[in-house]
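Scroll down for the structure; my scribbles are underneath it.
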Amino acid sequence: MVIEHRPPPPPSGPVPWEKDFALKLLADMVRIRRMEEKCAELYGVGKIRGFLHLYIGEEAVAVGALHALTPQDNVVATYREHGHALVRGLSMNAIMAEMYGKQEGCVKGRGGSMHLFDKATRLYGGNAIVGGGLPLATGLALAAKMLAEDRITACFFGDGAVAEGAFHEAMNLAALWRLPVLFCCENNLYGMGTAIERAEAVTDLSAKAAAYGMPGLAADGMDIVAVHETTRAALARIKSDGGPVFVEYRTYRFRAHSMFDAELYRDKDEVEAWKTRGPIHTFTARLKSEGKLSEAEFLALDAAAQREVDEAVAFAEAGSWEPVEAMLRDVYSS
Amino acid sequence: MSRKLTYREAMREAMREALQRDPRVILIGEDVGRYGGTYAFSKGFLDEFGPERIRDTPLAELGFVGTGIGAALGGLRPIVEVMTVNFSLLALDQIVNTAALFHHMSGGQFSVPLVIRMATGAGRQLAAQHSHSLEGWYAHIPGIKVLAPATIEDARHMLAPALADPDPVVIFEHAGLFNLEGELPDIDGVDIASAKLRRTGRDVALITYGGCLPKTLAAAEMLAAEGIEAEVLDLRVLRPLDTAGIVATVAKCHRAVVIDENWKSGGFAAEVMARIMENAFYELDAPVARVCAEEVPIPYAKHLEEAALPQAEKIVAAVKEMFA
Ligand SMILES: Cc1ncc(C[n+]2csc(CCOP(=O)(O)OP(=O)(O)O)c2C)c(N)n1
């Protein structure tokens, strides 16, 4: 398969959802977008340090997929997980304070951008090792199955992770043991600066599932309707069959890989072309054309997101530093 | 009443008891089921506990160790058997980057109550890729605990506290000890926090662990025949290291030799020596010495393998040099 670096045609057809649900998902995409735009700004002035990987452009994936899950499901994510954490239910305050390194952050300033965790919402990272979360997801699913708990483990990872041994080992075990795992591959066509066709012998990622006898689905990751409906279908399949399902979400990041990336590896017009397919404005346009959204409603939800961001920044600014004497805490539980 | 059994039987009993006591305990690893365990530690378990709890895995060390970590996070109490420390290098990422860090990275929210067991050590003419002693590498990592049972008693009783521990525990079992036979004293348990004196003496402290313990005890007997009474401290727990136990024996004997099958450069013996310098320097009547593996991939030929590893004679020679 030749990889098409041009975006697919814009999504069309009616949005098959109630207005409230559609607006909720739209609002969540906007919350992620506004939060991350602010993060980029704060990075520029040195308030946020370390590695910062933005999800801008990919919002439909986290929002569409996570809204198909229930609170008892497990979520494993990567270092590009701000959006997943927010949609999963972490407060923006706790996320922003974590970015600042404040002890009011969700992991007390121990992790920063790449290590957001939250027990209450069953978010198991925040993992900065490419592919590292995949075996973990298989294990969480094993525990759920053996303890007869009704939960699915959703594991997010990039197209880059597909080349790691951990991907294949985890997929094989999950399929062999028939474990309830949703493997969510966020294919944004690049692993840092390496385009997928320069890293993968077979670039049709959803086809890889067949090697493990696992259903493999693909969805337009720029279309939140496709993401959500495909995820629901995948979850239904996991519930009926018991075994895992692999879903490839074809998406694109509008920003550089991280704040350190000069982005010398892809054309500006490629990025611009994808931006015209942005998940927020295509969905907004669709909803408006169907009469499910007015401009005033959009402005209201955007303003609400902005307020939330402003509050989160104020919260993080007002936060405190963990005393150095407490540094050695939490190395061991006992 | 004490009774006689082998190290292998002791470990097997410990695992069987753990599986009987707690339904959350499962055993995961290559050939742990149908084959009965590479070293026969789990013989009969598949019949007794079934394939849900005794899980044969494919050859995928990274994958199944990581799965064990996830299963521990999810509420099970997995014992993951990695055939040998040599193969654990394929799982190093999951052990070091995930298991050891998870509690800290999550701000104390999550714990990984996992036990990883692996065979270690040389001495059976298996050549370079089956003879590593990398306990020191693991003991370097905060967030995991590292045990090295060297006696029947520890083989029988260290697993239970390891499983009860909320943190990941790595247990190194020296392959040269599996057929060791001895008396199991009638005790309830052991701790996984302190070193233990295996022989008392007054002239020199021999500090060791794991597969080197029997060789060190033999050396102590040889020394006794020459009038030198050696004390033998078995470290047992490499992380957290029992500094007080080390200081006590050094303060008593004023001379110390560290015996360790790790290579000398950057090896675990160096850490023990440093603890002595930091905490008991003024107790010393002579520089601390060490007997370690030679700086060579462990050779296959018997005479060369023996020459590459610590042996009782080498320990005796090191002690005598101290008194010369
Ligand atoms: C095991 C490992 N190797 C290399 C890196 C460095 N690295 C960080 S992100 C990244 C690219 C990953 O790309 P992908 O999985 O497609 O995710 P994306 O960033 O596109 O979301 C690389 C190579 C890493 N963090 N971990």
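Residue numbering restarts at 1 for every chain, and letters A, B, ... go by the order of the sequence lines. Hydrogens, waters and symmetry mates play no part in the numbers below; they use all other heavy atoms, side chains included. Because the structure is a prediction, the values reported are computed rather than measured.
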task = Fit a plane to each ring of A:F246 and A:F157, take the angle between them on a 0 to 90° scale, and name the class: parallel (under 30°), tilted (30 to 60°) or perpendicular (over 60°).
result = tilted
ask   = Do you know which of B:T98, B:D93, B:V65, B:L59 has the most heavy-atom pairs with chain A at a distance under 4.5 angstrom?
value = B:D93
key: CH2 (B:W137) with more than 12 external heavy atoms under 6.0 Å   = no
note = Cut-off 4.5 Å, heavy atoms of chain A, and the answer for B:E52 is both
request  = Sort A:L116 into side chain, backbone, both or neither according to what part of it lies under 4.5 angstrom from a heavy atom of chain B.
outcome  = neither
inquiry  = Is there a side-chain contact between A:E36 and A:Y55 in this structure, where contact means two heavy atoms from C-beta onward sitting under 4.5 Å apart?
reply    = yes
note = Only one of B:I116, B:L163, B:I26 passes side chain to side chain contact (heavy atoms under 4.5 Å, CB included) with B:I79, and that residue is B:L163
task = Please determine, among A:M146, A:K108, A:E98, the option with the most heavy-atom pairs under 4.5 Å with chain B.
result = A:M146
inquiry  = Please classify the contact of B:S106 with chain A as side chain, backbone, both or neither, using a heavy-atom distance under 4.5 Å.
reply    = both
query = If you count the non-hydrogen atoms of other residues, nucleotides and ligands that lie under 6.0 Å from CD in B:Q129, is the total more than 12?
reply = no
remark   = Honestly, the part of B:L90 sitting under 4.5 Å from a heavy atom of chain A is neither
Selection from B:G108, B:P168, B:G143, B:G74 maximising heavy-atom pairs under 4.5 Å formed with chain A = B:G143
query = Are a donor atom and an acceptor atom from the side chains of A:R110 and A:H115 found within less than 3.5 Å of each other?
reply = no
B:I28 portion near chain A, given a 4.5 angstrom heavy-atom threshold = side chain
note = Applying a strict 4.5 Å limit to non-hydrogen atoms, the region of A:A144 in contact with chain B is neither
task = Have a look at A:P244 and tell me which of A:M171, A:M214, A:R237 forms a side chain to side chain contact (heavy atoms under 4.5 Å, CB included) with it.
result = A:M214
inquiry  = Would B:R55 pass as a cation-pi partner of B:F64, given that its NZ or CZ must be under 6.0 Å from the six-membered ring centre and within 45 degrees of the axis?
reply    = no
query = Relative to each other, are the rings of B:Y209 and B:F268 parallel, tilted or perpendicular (30° and 60° limits)?
reply = perpendicular
ask   = Judged by modelled atom types alone, do A:T70 and A:Q72 share a side-chain donor-acceptor pair under 3.5 Å?
value = yes
ask   = Side chain, backbone, both or neither: which part of A:N172 has a non-hydrogen atom closer than 4.5 Å to chain B?
value = side chain
remark   = Bottom line for B:L114: the part with an atom under 4.5 Å from chain A's heavy atoms is neither
ask   = In terms of heavy-atom proximity below 4.5 Å to chain B, should A:R122 be classed as side chain, backbone, both, or neither?
value = neither
ask   = Of all of A:G133, A:G105, A:A170, A:G132, which one pairs up most often with chain B through heavy atoms under 4.5 Å apart?
value = A:G132
inquiry  = Which atoms of A:L142 are under 4.5 Å from chain B, going by heavy atoms: the side chain, the backbone, both sets, or neither?
reply    = both
ask   = Between A:I129, A:L176, A:T138, A:V76, which residue shows the highest count of heavy-atom pairs closer than 4.5 Å to chain B?
value = A:I129
key: Geometric class of the B:Y138/B:F172 ring pair [parallel <30°, tilted 30-60°, perpendicular >60°]   = tilted
ask   = In terms of heavy-atom proximity below 4.5 Å to chain B, should A:Y124 be classed as side chain, backbone, both, or neither?
value = both
ask   = So which part of A:Q103 gets closer than 4.5 Å to some heavy atom of chain B, the side chain, the backbone, both or neither?
value = neither
